[in-house]
There are 2 protein chains.
Amino acid sequence: MTTTIKDVAARAGLSVMTVSRVLNGERHVSAAAREKVQEAIDALGYRRNVFARGLPGSRSFLICMPIPEMIPDYIAEFQQGAVERCRAEGYHLVVQPYDGQSAMTGEPVAATIASLRPDGFLLLPPMSDNLAVLDTLDQAGVPYARLAPSVEPGRGACVCVDEVEAARAMTAALLDLGHRRIGFIGGPPDHGASAWRLEGYRKALAERGVAADRALEADGDFLFDSGDVAGERLLSQPDRPSAIFAGNDDMALGVMAAARRLGLSVPGDVSLAGFDDGEIASLAWPQLTTVRQPVQAMASAAEAVIAMVESGERAASSRRLDFALVFRGSTAPPA
Amino acid sequence: MTTTIKDVAARAGLSVMTVSRVLNGERHVSAAAREKVQEAIDALGYRRNVFARGLPGSRSFLICMPIPEMIPDYIAEFQQGAVERCRAEGYHLVVQPYDGQSAMTGEPVAATIASLRPDGFLLLPPMSDNLAVLDTLDQAGVPYARLAPSVEPGRGACVCVDEVEAARAMTAALLDLGHRRIGFIGGPPDHGASAWRLEGYRKALAERGVAADRALEADGDFLFDSGDVAGERLLSQPDRPSAIFAGNDDMALGVMAAARRLGLSVPGDVSLAGFDDGEIASLAWPQLTTVRQPVQAMASAAEAVIAMVESGERAASSRRLDFALVFRGSTAPPA
DNA sequence: ACCGCTACTGATAACGTTGTCAATCGCTCT
DNA sequence: AGAGCGATTGACAACGTTATCAGTAGCGGT
């Protein structure tokens, strides 16, 4: 026995339509009616049924967020912010599992759109760069926000930090400390950030006239182990780097483990920098110098989608957030 | 122009009701009809509209999971598993922000039930012990699964590890290594696990005839800083413990930081053990000895709720999962 | 031939909300 | 005074599905 709009209307002595109008804050409702309706709502503890609202096809008040198989620390934090913004705006956040393989076709997204009718999508990397998904969403006319996109930045609401600049700045900071041989460990190729960060790294070297050395660039996959492996390789070279900039925090800690195994001290023998500033960055020892992702501000992506939903506009927008370099114990001038 | 059941019915030359019956796998449908409907569905790429399905009041196919303000590592992993199970069963997972304060009344949950009509709830600690929430859910007749509950285990589908036994086993392992003065750092009082883990710790000491010493028990809040503070206090004592068992990994790392500051080596001067086996446990140095939460198995909580939804039964159930002690570099025999 | 049973099928009414359109009222403008 | 307009209100249909109930056909037993 749930209370419906009808009950409210009956108690207020008005029609259901008037009640609906009050609920939606529409114009053309007298103050007297507004008041009576509000009284009835409070008295009855009435809440609108999301399903009935969504059925007529207009809006579902659902925002869909496909989540990758591995959730890095900062994404969990982002979700926290996103879900709060959604609720503040009266939307609900539905998370969907996202199998990297099958999502390449966009089919799972199409299925979700058809059955769930979400009002918008929140795309995290690496999905924010999946063109099949973007095409599917565009075709269905469903607005979306993309977190940290690296391709076709003119599509959807984009929220990102200037990864190139961030990586450049961090590399430049290492150069400022006096390092000249600086290693870099990249991320997986399907993750756009990998390329941006590498670009920033090279840019900084070029600016300072330090010759790039391909032997100092290694590939990883954003996981600890790959940092360990790549770090061991870089640090075992005869002319080993005095600093290593890893594409994310996890890999930086992998390098730290490798360094320990090789009997090298951090930052005494080798300085280390990461990217993301996840929880582990400040829990490690020594604490990790890294680039802080503006996680809280990223949640504005949720607001961006909702704004698109409510305005009906599909204009692409782009918001560039400020990153910050966080200097901690893992970096020091070279010996 | 979305495809509806009507389109399918038209193409198959049957009534919408028959199509609906096929979709729901009901009896009393001829094989011929089944086949024709299936053909039409495939040809049209038809998907059922979740809203229309939920509106008549029967089912919404939505599972709601309120998430706490801070998401520990293992909860993020749990979510991953839960969302996969949900999709496999045709349900969607909606995450809700959960403000510890206001949720005490159960009001936010009532609001969610009224507006979203979720078929079930997945309750994480510390919400799984919030009696106001349980009462609200029971009253509304909405089934729920509780992760790691510590009070009234007879309500809802409970999925947990035997925290007392896990803590006892870890403490016993430290005793087996030869430690006699073992410190313990508890969690926040509203988190049931805190009490269980303390109980297990004391139990192990009692079993071995080691006198409990209140000076070796400290309070924390499951965050790094509290472990640092409590660790410093415990390790600054004249007769300091040779091992510390922290109520979770984050606090254990806090102790590690405090130990370093005091010039104590881990595990040389003090052994450390944590609880959860989050990512950081194996990224720290030395790697942390800890209790592994069976995260993947925990996702069975999702299956448990869905089973309750589909069967209509509300019988409380309880599944106890196996924990595992993971021995890593942070523990060693006392000097 | 008739009854009753079972297997199947379909017409119709919900479900709770919003969109559309029409009706009424009071006011201003000519 | 009459036309025109904006503000306010309500009646009714529509959204896509499932529940309910009423058929219809086939078949075995009398």
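Residue numbers start from 1 in every chain, and the chains themselves are labelled A, B, ... in the order their sequence lines are given, proteins ahead of strands. Predicted model only: the values in this text are computed from it and were never measured.
- A straight line from CZ of B/Arg27 to P of C/dC8 spans 10 Å, rounded to a whole angstrom.
- Side-chain atoms of A/Arg314 come within 3.5 Å of backbone atoms of A/Gly141 as a donor-acceptor pair (strictly under, hydrogens ignored).
- For A/Gln139, the CD atom counts as loosely surrounded, since its 6.0 Å shell holds 12 or fewer non-hydrogen atoms of other residues, nucleotides or ligands.
- Taking atom NE2 of residue B/His28 and atom C1' of nucleotide D/dG26, one finds them 15 Å apart after rounding to whole Å.
- Summary for the helix from C/dA1-D/dT30 to C/dT30-D/dA1: the axes at its two ends, each from 5 pairs, differ by 50° when rounded to the nearest 10 degrees.
- Near DNA chain C, meaning a heavy atom under 4.0 Å from it, residues 8-15 of chain B has B/Leu14, B/Ser15 in order of number.
- A/Arg47 and B/Glu107 are joined by a salt bridge, as a carboxylate oxygen and a charged side-chain nitrogen come within less than 4.0 angstrom of each other.
- For the pair A/Arg59 CZ and C/dT18 P, the interatomic distance rounds to 10 Å; values are reported in whole Å.
- Note on B/Ser30: every side-chain N or O is 4.0 Å or more away from OP1 and OP2 of C/dC8.
- Shown here are the salt bridge (Lys or Arg N to Asp or Glu O under 4.0 Å) partners of A/Glu35, two or more places apart in sequence or in another chain: there are none.
- With rounding to the nearest 0.5 Å, the separation of CG in A/Asn49 from CG in A/Leu55 is 10.0 Å.
- Panel note: side chain A/Gln80, backbone B/Pro68; a donor-acceptor pair is recorded below 3.5 Å.
- One N or O on the side chain of A/Thr136 and one on the backbone of A/Ala132 form a donor-acceptor pair closer than 3.5 Å.
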Nucleic acid footprint by protein, nucleotides 15-20 of chain D - heavy-atom cut-off 4.0 Å, B for base, S for sugar-phosphate alone
BBBSBB
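- Screening residues 13-29 of chain A for salt bridge (charged side-chain N to carboxylate O under 4.0 Å, His left out) gives no qualifying pairs among residues at least two apart or on separate chains.
- For residues 113-136 of chain A, the pairs satisfying salt bridge (charged side-chain N to carboxylate O under 4.0 Å, His left out) are A/Asp129-A/Arg146, A/Asp135-A/Arg155, with sequence neighbours left out.
- For the 3.5 Å distance criterion, the side chains of A/Gln79 and B/Gln79 qualify, holding a donor opposite an acceptor.
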